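Reviewing the structure listed below.
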Amino acid sequence: MGCDRRIYRRVIQYSQDGLILLNTEIIKIDEHNIDDKAKEAIGRAGRIIRDGGLVAFPTETVYGLGGDALNPESSRKIYAAKGRPSDNPLIVHVAEVKDVESIVKEVPDEAYRLFDAFWPGPLTIIMNKNEKVPYETTGGLDTVAIRMPSNLIARELIRQSGGYIAAPSANTSGRPSPTLARYCVEDLSGKIEMILDGGQVGIGLESTIVDLTSGEPMILRPGYITREMLSSVLGAVAVDRTIIDSSSPAKPKAPGMKYRHYAPRGVLTIVQGPSEDVVRYINAKSVEASNEGKRVGVIATDLTKERYKAEVVKSVGSREDESMIAHELFKVLREFDDENIDVMFSESFDDSGIGQAIMNRLLKAAGHNVVAL
Ligand code: AMP
Ligand code: MG
């Protein structure tokens with residue numbers, strides 16, 4: 001069966017933050033079996049978005065919280081549901097290249113090359129917007145971030161919604177991005193009309209963001225599409241230095257990158273250094289914290305996981321398989337929350353290739369709390 005439906009909450013009343021609690025309908029859909037029943041459900045989701053409502057849906061990166069990108073009221077609702085600051089612009093999701101052409105001033109040549117190489121996929125491109133895109137969606141900017149996801153549920157939903165879905169990650173602002181529908185339920189049930197549950201997402205980290213509006217293309221957020229991959233298509237590609245250098249006084253060019261982000265509820269410390277020293281340090285600190293009555297979690301790798309003495313030890317995979325680490329990271333942070341972990345330690349990772357995105361998210365999750373041995 002391609003689709004299965006349940007309603008999460010039936011109460012309609014005001015919640016503490018003044019939002020009306022809605023019936024949030026949850027529908028399971030198999031991305032690889034979008035049958036008539038699933039199509040009908042996605043059609044209803046599309047109608048909700050066209051009518052100004054919100055739907056959480058899977059993409060290949062993380063779950064998105066979608067509303068009509070060309071309707072200012074929908075964008076306001078997205079900010080309210082997430083508790084997101086309204087100067088943090090939303091990414092507009094499209095299903096066809098021609099739909100990009102009608103919301104930007106012009107599509108630069110570089111963009112067409114990127115579409116050919118990486119779309120549909122985990123790459124967001126910033127271009128100059130035209131008057132069709134409301135400032136509510138772009139956080140007041142004259143530029144707009146656009147992506148074509150490859151997830152088939154997402155693409156069908158975009159088509160059924162009229163072509164343009166504004167969608168940030170479907171988490172409460174500041175929490176780790178959701179890689180499973182149940183985390184959208186945790187953060188957003190009662191605040192949005194529908195959640196499409198497409199199972200666990202494939203990539204697990206948000207898209208790479210590249211800016212094409214100011215001279216040399218520049219990466220504003222690292223992701224699965226690496227600088228090396230972009231350079232193979234565009235030639236020279238710069239990286240916003242605030243991504244690499246956390247002590248930089250400059251403001252990040254992607255407004256959202258300045259906020260504390262991806263944070264688990266407990267305190268996370270990244271420990272850098274030779275593997276032996278890292279294991280010894282984390283074990284000593286774990287004992288200290290346990291003696292103080294705290295629950296301790298460790299983010300380890302396959303090779304080291306047996307060596308930690310903390311109460312909960314989770315491996316994010318083998319160091320050789322960066323995609324797996326990216327895939328597991330947010331999930332593990334959420335699991336630590338589920339298990340009420342107070343203090344967490346993580347090994348550090350190489351910061352080349354996808355590692356740049358992994359370390360960027362990990363550093364943010366840790367509030368740049370790093371111990372170098
Ligand atoms: P999220 O949708 O939660 O993955 O966050 C979207 C990210 O894209 C945030 O960091 C935004 O600041 C960034 N972004 C969206 N639109 C723009 C834009 N026009 N210029 C720069 N950054 C943007
Ligand atoms: Mg986000």
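All values derive from a computational prediction rather than experimental measurement. Ligands are counted one by one from 1 in listed order, and the atoms in each one are counted from 1 as well.
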- [ ] Give me the other members of the hydrophobic cluster that Val296 sits in, counting Ile, Leu, Val, Met, Phe, Trp and Tyr linked by side-chain heavy atoms under 4.5 Å, directly or via other members.
- [x] Val271, Val278, Val279, Tyr281, Ile282, Val298, Tyr308, Val313, Val343, Phe345, Val371, Leu373
Task: Residue and atom name of the nearest protein heavy atom (relative to atom 10 (O) of ligand 1), distance in Å to one decimal - done: Gly256 CA, 3.3 Å
Open item on the list: I'd like to check Thr269 versus Lys285 (side-chain heavy atoms, cut-off strictly below 4.5 Å). Are they in contact?
Closed with: no
Task: Tyr135-Val92 co-clustered via ILVMFWY side chain contacts under 4.5 Å - done: no
Task: Ligand-residue contact atoms, ligand 1 with Ile209, heavy atoms, under 4.0 Å - done: 7 (C), 8 (O), 13 (C)
TODO: Would you indicate which of Lys253, Lys82, Arg221 comes nearest to atom 4 (O) of ligand 1 when only heavy atoms are counted?
DONE: Arg221
- [ ] Check whether any N or O atom of Pro255, backbone or side chain, sits under 3.5 Å from an N or O atom of ligand 1, and answer yes or no.
- [x] yes
- [ ] Could you tally the protein N/O/S atoms lying less than 2.8 Å away from the Mg ion (ligand 2)?
- [x] 1
Task: Closest contact, heavy atoms only, Asn283 versus Arg307 - done: ND2-O, 3.0 Å
- [ ] Can you sort out which atoms of ligand 1 are near Thr143, meaning under 4.0 Å from one of its heavy atoms?
- [x] 18 (C), 19 (N), 20 (N)
Task: Identity and separation of the nearest protein heavy atom to atom 23 (C) of ligand 1 - done: Pro89 CG, 3.6 Å
TODO: For ligand 1, note which part of Thr124 has a heavy atom under 4.0 Å away: side chain, backbone, both or neither.
DONE: neither
Task: Sub-4.0 Å heavy-atom approach of Ile126 to ligand 1 - done: yes
Task: Side-chain H-bond candidate by donor/acceptor type, Asn171 with Arg175, under 3.5 Å - done: no
Open item on the list: Do Arg295 and Phe336 have side chains that approach each other closer than 4.5 Å (heavy atoms only, starting at C-beta)?
Closed with: no
TODO: Any atoms of ligand 1 less than 4.0 Å from a non-hydrogen atom of Leu141? List them with their elements.
DONE: 18 (C), 19 (N), 20 (N)
Open item on the list: Can you check which of Pro168, Ser169, Ala145, Ala166 brings a heavy atom nearest to atom 16 (N) of ligand 1?
Closed with: Ala145
Task: Between Asp302 and Ser318, a side-chain donor and acceptor under 3.5 Å - done: no
Task: Per atom 3 (O) of ligand 1, closest listed option by heavy atom (Glu206, Arg84, Arg147) - done: Arg84
Open item on the list: Through direct or indirect side-chain contacts below 4.5 angstrom among Ile, Leu, Val, Met, Phe, Trp and Tyr, which residues connect to Met324?
Closed with: none
Task: Cluster companions of Val201 among Ile, Leu, Val, Met, Phe, Trp, Tyr (side-chain spacing under 4.5 Å) - done: Tyr63
Task: Any Trp119 side-chain heavy atom under 4.5 Å of Leu114 side chain - done: no
Open item on the list: If only side-chain N and O atoms count, and only distance matters, is there a donor-acceptor pair under 3.5 Å linking Arg147 with Thr59?
Closed with: yes
Task: Greater than 12 external heavy atoms within 6.0 Å of Lys331's NZ - done: yes
- [ ] May I ask you to identify, for Asn88, whether its side chain, its backbone, both or neither come under 4.0 Å of ligand 1 on a heavy-atom basis?
- [x] side chain
